[in-house]
Amino acid sequence: MTIEQSSNYSFGTRAIHVGAPIDPTTGAVIEPISLSTTFGQSEPSKPLGIYEYSRSANPNRDNFEQAVASLESAKYAIALSSGSATTALIIQSLPVGSHIISGGDVYGGTHRYFTKVANTHGVKATFVGNLVEDLESNLTNDTRLVWLETPSNPTLQITDISKIKEIVDKHEAKTGNKIIIVVDNTFLSPYISNPLKFGADVVVHSVTKYINGHSDVVMGVLATNNDVLHDKFRFLQNAIGSIPSPFDSWLAHRGLKTLHLRLRQASYSAQKIAEYLSSSPYVIHVNYPGLKGHKNHDVVLKQHRDGLGGGMISFRIKGGAKGASVFTSSTKLFTLAESLGGIESLIEVPAIMTHGGIPKEERESNGVYDDLVRVSVGIEDTDDLIADVEQALQKVKGL
Ligand code: P1T
């Protein structure tokens, strides 16, 4: 099914059928993996089919891109070699001298790229704790891009994308300067939210997480409805070569077909676990968008499918860094590891793992304290997961 044919179908149907043609030669229901790096031509510059060279385009990548575009309600998607390569490509598309404004709480690798790589190419970043409140006063004549994660990694802050769009539009009307809004939708996946519908120009994912969902592929993707941006990003990707392999594209496409089922189950368990943690005497504060007490729960109800909170939780534990270390070393089902969004539950301490490169003062100003624990809830049985959290919390007693 093509993107155009898919518009009347719901999410699960599109996840399974878009970009999944039956092989016309063999009738295979699942696409073959097309490993050929090059494709024959009948005359110079007259390819036999639509492909020439696999860096520029490949059947497995095309099929995956079509599926993601459909699920993000986008015209286009471009798959890349990692989420980080996706960030790099977008920032490299900006002219020297550009200024970007980013939400303060973002993945440590994104912070690293903005502060240690983009600046060496003449692109300067300002980090802002609360974009809705502080974006306007930080806009300059050189601002070309606003970057945000909603929910943010790891403190699960929620941003109202339509409010960001309003501020950016007002600035554009006043100055004539176009600013691109980029939303990193990794934590929710296209099943729970579609940022383009709320005013984002580009949505990005670390496919490594929910979209692939099985912790066996590193990959990224961006999606957009903007023809000019799409052409620019496609050109750059081919020039740079930051492409995923056909096998990874195939695996990620297979993973994506169960995205809706996995996200429903992960959200269901995460809601229960977040509620359990909120009532624990060993927990100081829980960040989870599905909790009614979350600071921006009203935005969650507007921006998320069925008000789902997603599979990610973070919380401050009693006992400081020691408490976080003891707890995360004591779980039996939650594996202590970086990453998220897989079928198996993971747990980590952002301050010394995923966000360890951010200066202490800066990360603490965004709520990333030494006692913050981040949980990626998988799709194991809910009761088993809660029992595991319960037994590990007992180990923190008296710290
Ligand atoms: O790992 P990679 O596929 O390059 O994706 C980078 C990335 C981008 N955006 C967000 C929101 C992310 O969380 C990540 C990667 N994050 C982790 C590895 C982590 O454990 O948080």
Side-chain angles (χ1 to χ4, degrees), residues 1-25 27-36 39 47 49-83 85-86 89 185-186 189-191 193-197 200-213 217 219-238 242-260 263:
M1 189 186 289
T2 63
I3 299 177
E4 294 76 29
Q5 290 163 341
S6 73
S7 56
N8 287 331
Y9 290 102
S10 297
F11 191 95
T13 310
R14 285 186 278 134
I16 287 161
H17 289 289
V18 179
I22 290 180
D23 185 72
T25 321
V29 170
I30 296 300
E31 57 172 328
I33 302 172
S34 184
L35 292 174
S36 187
F39 297 84
I50 59 171
Y51 298 103
E52 274 177 58
Y53 185 59
S54 208
R55 170 161 41 75
S56 313
N58 164 278
N60 299 105
R61 203 161 94 217
D62 272 5
N63 286 342
F64 173 75
E65 288 175 349
Q66 277 193 37
V68 172
S70 168
L71 299 185
E72 276 294 7
S73 296
K75 246 164 107 175
Y76 311 107
I78 301 179
L80 294 104
S81 49
S82 66
T86 312
L89 185 99
N185 196 25
T186 297
S189 91
Y191 179 64
S193 187
N194 295 131
L196 299 180
K197 289 186 184 164
D201 298 291
V202 183
V203 55
V204 301
H205 290 273
S206 167
V207 171
T208 319
K209 315 300 183 317
Y210 286 106
I211 290 183
N212 177 61
V217 169
M219 215 169 124
V221 74
L222 65 84
T224 183
N225 282 312
N226 184 312
D227 297 336
V228 176
L229 287 178
H230 168 257
D231 291 350
K232 198 189 268 188
F233 295 149
R234 267 271 176 238
F235 169 82
L236 267 181
Q237 183 187 38
N238 188 44
S242 45
I243 55 156
S245 73
F247 184 51
D248 282 351
S249 302
W250 186 92
L251 272 177
H253 194 180
R254 179 166 81 158
L256 170 151
K257 290 174 186 176
T258 53
L259 182 61
H260 49 305
L263 255 293

From [X] atom [atom1] to [Y] atom [atom2], the distance as rounded to the nearest 0.5 Å:
{"X": "Phe64", "Y": "Asp248", "atom1": "CZ", "atom2": "CG", "result": "10.0 Å"}
{"X": "Glu72", "Y": "Asn225", "atom1": "CD", "atom2": "CG", "result": "10.0 Å"}
{"X": "Glu4", "Y": "Ser70", "atom1": "CD", "atom2": "OG", "result": "9.5 Å"}
{"X": "Phe233", "Y": "Thr86", "atom1": "CZ", "atom2": "OG1", "result": "10.5 Å"}
{"X": "Lys75", "Y": "Leu229", "atom1": "NZ", "atom2": "CG", "result": "11.5 Å"}

Which atom of [X] lies closest to which atom of [Y], heavy atoms considered:
{"X": "Gly27", "Y": "Ile22", "result": "O-CG2, 3.5 Å"}
{"X": "Leu89", "Y": "Ser242", "result": "CD1-OG, 4.2 Å"}
{"X": "Ala67", "Y": "His253", "result": "CB-NE2, 3.8 Å"}
{"X": "Leu71", "Y": "Ala15", "result": "CD2-N, 3.7 Å"}
{"X": "Lys257", "Y": "Ala20", "result": "NZ-CB, 4.3 Å"}
{"X": "Val202", "Y": "Leu222", "result": "CG1-CB, 4.2 Å"}

Practice task
Return the orientation label for the Phe39 and Tyr51 ring planes: parallel under 30°, perpendicular over 60°, tilted otherwise.
Solution key: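 Ring orientation of Phe39 relative to Tyr51: tilted.
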Exercise for the section: Count the heavy atoms of every other residue, nucleotide or ligand shown that sit under 6.0 Å from CZ of Arg254, and state whether that count exceeds 12. Expected result: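 Atom CZ in Arg254 is not packed in, count stays at 12 or less.
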Exercise for the section: Could you tell me whether Tyr9 atom OH has more than 12 heavy atoms of other residues or ligands within 6.0 Å of it? Expected result: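 No.
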Problem - Qualifying residue, where the test is side-chain contact (heavy atoms from CB on, under 4.5 Å) with Val207 and the options are Val221, Thr186, Leu251 - result: Val221
Taking C-beta and beyond as the side chain, do [X] and [Y] meet within less than 4.5 Å on heavy atoms?
{"X": "Ser73", "Y": "Leu196", "result": "no"}
{"X": "Met219", "Y": "Ser245", "result": "no"}
{"X": "Arg55", "Y": "Asn238", "result": "yes"}
{"X": "Ser6", "Y": "Gln66", "result": "no"}
{"X": "Lys209", "Y": "Ser189", "result": "no"}

Problem - Donor-acceptor contact present, side-chain Arg14 to main-chain Met1, <3.5 Å - result: no
Exercise for the section: Without swapping roles, check the side chain of Asn185 against the backbone of Ser193 for a donor-acceptor pair under 3.5 Å. Expected result: yes
Exercise for the section: Say whether Asn60 and Ser34, considering side chains only, have a donor N or O and an acceptor N or O under 3.5 Å apart. Expected result: no
Can you give the donor-acceptor pairs under 3.5 Å from side chains of residues 76-83 to other protein atoms, not counting sequence neighbours?
| residue | atom | partner | partner atom | Å |
| --- | --- | --- | --- | --- |
| Tyr76 | OH | Asp227 | OD1 | 2.6 |
| Ser82 | OG | Ser84 | N | 3.4 |
| Ser82 | OG | Ala85 | N | 2.9 |

Exercise for the section: Could you list the residues that satisfy side-chain contact (heavy atoms from CB on, under 4.5 Å) with Leu35, not counting sequence neighbours? Expected result: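 Only Ile33, Pro246 meet the side-chain contact (heavy atoms from CB on, under 4.5 Å) criterion with Leu35.
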